[in-house]
Amino acid sequence: MEKKKIGVPRSLLYYKYFAFWKKFFEELGFEVIVSDETSSDILKEGNKYAIDEICIPLKLYYGHIINVVNKKPDYLFIPRYVSLSPGTYMCPKFLGLPDLIRGTVSNLPDVIEMCVDSRKKTKFYSACETGRALNKSFMQVKNAYRCAVESYRCFCDVMEKGFSFTESVDIADKKPDNLLKKEYPDTEVSIAVIGHSYNVHDSFINMDLLNKLEKMNVRPVVLENLPSEIFKGETRINKSLKNYWGNEEEILSALNYLFGKKSVDGIIFLCSFCCGPDSLVDEITTRNAKLTGIPYTCVVMDEHSGQTGLITRIESFVDMVAFKKRKGGIRQCL
Amino acid sequence: MLVAFPHMGNGWPAFKALCEGMGARVYVPLENNVRQLEKGLRNSPEWVCFPFKMTLSNMIESLDAGVKTLVMATDCGPCRFGFYYAVQERILRDMGYEFEMKYLPQGDLLTFEWVDFLKSICEDRKLESWISISRTVKIFLMKLYLVRLAEDCEGLTRCYERTKGDTGRALKKSIKLIDEASAFSELKRLKMYIPEIFSDIERNDREDVVTVKMTGENFVAVDDFSNHNIKKKLGELGCRVYMGTGLYDWVKHKFHLNFHRKYLEYLNKKHRSAGGLQMDIGGEAVWVLGDYIDSSEEEKFDGFVHIYPFTCMPEITAKAIITKWYGEGIFGLPPFFFSFDEHSGEAGLITRLEAYVDLLRRRKKEKNNVGYGKNK
């Protein structure tokens, strides 16, 4: 019998949990189809559906939905990630994502939701709910969940060893036994590119920033390359306020780690225009960066297509960082 | 102890009573104005939502006036509001002010964390008893209710006023009375008196009045400076304005007593397949959607006005869904959206409002004509 197909849009949390979803659905006996790589056509398509004030990752999400629906899947997978740990929330747009898509795009195939809400239920329970919606037995779901978690862990390990996102997905599929750290050529400076995974790993939104940096003889470090222990603790904004945004948690802990350890020479904070959580987190981290003295810049992205502005800014930032490193601080050389 | 809190519409008499009931002196920041806002803008993050900028401006104004203790409410997600006080404190400290920031946790009022806040602003030991706290809270709630009552009356009367500005004066008078009343019995009397103030306004005999429901993000919906007096403008154009949200609703909701909002949530659940939100995603998104469904099923409403601050994450979600619902003809109530930020030009807003009201009026006329035709 031919396998039923599940469509997954290549956007938002795809860049974080795809290894999990893919294994989970494949073990359940489905074929996973992913939308094409982001391109200007996808953005154009997304703009037809998205309203004007929404952030660019969500506009692209619409585009990817249309793209994957055109491939005629039997089901469409739209996850609803509410909270990843008790007491936290994701961005409001993630909370209402399936409703938003259902409410704005017509003629969708059956929508499969996976509602991950750690405040109320365990992740395994959410997986069971998804399995039930797909008419699968408990044992099948249990088995698939176990394999999926394993695959996700493997993916995280590979990312930590310094591989890029696409490489990691492929490698995690093969499950290599002892994978060595990826060798990078010696570079003068290393710059951390911190931001939401859907901004950092989508080379269309960020205009291929990671490769551009590599060409400038800079080693880019992304969030997933950092040691996994640092993401375990909780982050605080001040004495009385604990951060409650699940998607900012890792950004804040990564930045705090980098500010403390100073293992990189500079930090680029990537965020998309109109991003609610980032607007406040950026304000705090900019102030923290000033205190620690690490060069820090915030790059805001929207639908622009001209690359020169970005290149100029990155070039001057890299130059400044390299200059500072060579002279051991700008102050001394003045 | 001299405390100050940022403005939120006409809610200040209630908050004042809350702090004064605990023995603190209160500095009420000057009424929101452009000059004040400028200071806040200069120090705010670039694309944060408007309430952040406005409340920061109020704080700067109070600190300049010599206040050493600031009070700010806080929530626990999922929207940005919970981060406000922490980021504002950081910004103000970096600006060089020395002060203490007290926060009023209102994520869930049934956890009674706010009692600790009330005790913390209380210097007189005698006032720390449960009796005085419950008395203060009772007066606070009553004042909030009266403010809501006055605002409701205002929205319904303005289109009928003969002399322009009468309703505005009546509202000012009611707010002043609410502020001055301190005993519960006085407030009870006001409950009867406030509708009288409004019904005493001389009326015109206007016939082309249309009815709209106005709702949206709480702060912008109740704060007249932030929403460029949209309620007044609508009223002068001949709209009876029903408010779908307000401070009183919010507080009641946080005490889990707002059954109307529970009903609106149920309406969302009912329309799941069309895209009704299945959970509270912050802001007022769920209730805005519920309100939209509710008002389109009611005969009396001709329009629906949804206002929110620019970049507000939950409200945008609601807007997207409403746009689709209306566009596809699932519901037939014409919506009007407006996002507010720091713009100061009002002409754009007025033109849009005029056009909208004209459309509503024509629609209503056509609807009525069709009705007559059928009867014949």
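Note on naming: letters A, B, ... go to the chains in the order of the sequence lines (proteins, then strands), and numbering restarts at 1 for each one.
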>> Please classify the contact of A:Glu53 with chain B as side chain, backbone, both or neither, using a heavy-atom distance under 4.5 Å.
In response: both
> Which bit of A:Val105 is near chain B, if near means a heavy-atom gap under 4.5 Å: side chain, backbone, both or neither?
Replying inline: backbone
> Checking heavy atoms, do the side chain of A:Cys91, its backbone, both or neither come under 4.5 Å from chain B?
Replying inline: side chain
>> Between A:Ile284 and chain B, with a heavy-atom cut-off of 4.5 Å, which part of the residue counts as in contact: side chain, backbone, both or neither?
In response: both
>> Are there over 12 heavy-atom neighbours, none belonging to A:Tyr125, within less than 6.0 Å of that residue's OH?
In response: no
>> Report which part of A:Thr88 has an atom under 4.5 Å of a heavy atom belonging to chain B: side chain, backbone, both, or neither.
In response: neither
> If you count heavy-atom pairs under 4.5 Å between each of B:Phe52, B:Tyr103, B:Tyr84 and chain A, which one has the most?
Replying inline: B:Tyr103
> Given that the side chain runs from C-beta out, which part of A:Leu291 has a heavy atom under 4.5 Å from chain B: side chain, backbone, both or neither?
Replying inline: side chain
> Is there a donor-acceptor pair under 3.5 Å between the side chain of A:Asp99 and the backbone N or O of B:Gln278?
Replying inline: yes
> Which one of B:Leu277, B:Val48, B:Val286 has the most heavy-atom pairs closer than 4.5 Å to chain A?
Replying inline: B:Leu277
> Between A:Tyr244 and B:Asp75, which heavy-atom pair has the shortest distance, and what is it?
Replying inline: CE2-O, 4.4 Å
> Given A:Glu283 and B:Arg90, is the side chain to side chain contact (heavy atoms under 4.5 Å, CB included) satisfied, shown in steps?
Replying inline: CA-CA 9 Å; A:Glu283 183 72 17; B:Arg90 183 79 189 263; over 6 Å; no
> Which bit of A:Glu113 is near chain B, if near means a heavy-atom gap under 4.5 Å: side chain, backbone, both or neither?
Replying inline: side chain
>> Looking at every heavy atom in both A:Cys274 and B:Phe310, which two are closest together, and how far apart are they?
In response: SG-CZ, 4.3 Å
> Who among B:Thr311, B:Ile322, B:Asp280, B:Thr74 has the most heavy-atom pairs with chain A under 4.5 Å?
Replying inline: B:Thr311
> Which one, A:Leu58, A:Val300, A:Ile101, A:Thr286, leads in non-hydrogen pairs under 4.5 Å with chain B?
Replying inline: A:Val300
> Side chain, backbone, both or neither: which part of B:Ala274 has a non-hydrogen atom closer than 4.5 Å to chain A?
Replying inline: backbone
> Counting N and O atoms only, with roles assigned by atom type, does the side chain of A:Tyr89 sit under 3.5 Å from a partner on the main chain of B:Ile281, one being a donor and the other an acceptor?
Replying inline: no
> Side chain, backbone, both or neither: which part of B:Asn268 has an atom under 4.5 Å from a heavy atom of chain A?
Replying inline: neither
>> Evaluate A:Ser106 against B:Lys324 for side chain to side chain contact (heavy atoms under 4.5 Å, CB included), listing each step before the verdict.
In response: CA-CA 9 Å; A:Ser106 37; B:Lys324 171 76 191 290; 3.8 Å; yes
> Does any non-hydrogen side-chain atom of B:Phe337 lie less than 4.5 Å from one of A:Ile51?
Replying inline: no
>> Please report the interatomic distance CE(B:Met313) to CD1(A:Ile54), rounded to the nearest 0.5 Å.
In response: 12.0 Å
>> Using 0.5 Å steps for rounding, measure from the OG1 atom of B:Thr323 to the OH atom of A:Tyr49.
In response: 14.5 Å
>> Check whether B:Trp47 reaches the backbone of A:Cys275 with its side chain - one donor and one acceptor, N or O, closer than 3.5 Å.
In response: yes
> Take atom NZ in A:Lys121; do more than 12 heavy atoms of anything else shown fall under 6.0 Å from it?
Replying inline: yes
>> Between B:Pro105, B:Pro314, B:Ala318, B:Gly327, who has the most heavy-atom pairs with chain A when the cutoff is under 4.5 Å?
In response: B:Pro314
> Where on A:Asp282 is there a heavy atom nearer than 4.5 Å to chain B: the side chain, the backbone, both, or neither?
Replying inline: neither
>> Using heavy-atom distances under 4.5 Å, tell me whether B:Ile330 contacts chain A through its side chain, its backbone, both, or neither.
In response: neither
>> Just by distance, no angles: are the side chains of B:Ser273 and A:Arg102 close enough, under 3.5 Å, to form a donor-acceptor pair?
In response: no
>> For B:Lys262, I'd like to know if atom NZ has over 12 heavy atoms of other residues, nucleotides or ligands within 6.0 Å.
In response: yes
> Quick one: CG on A:Leu280 to SG on B:Cys49, what's the gap to the nearest 0.5 Å?
Replying inline: 7.0 Å
>> If I measure from the heavy atoms of chain B, does A:Cys298 come under 4.5 Å with its side chain, its backbone, both, or neither?
In response: neither
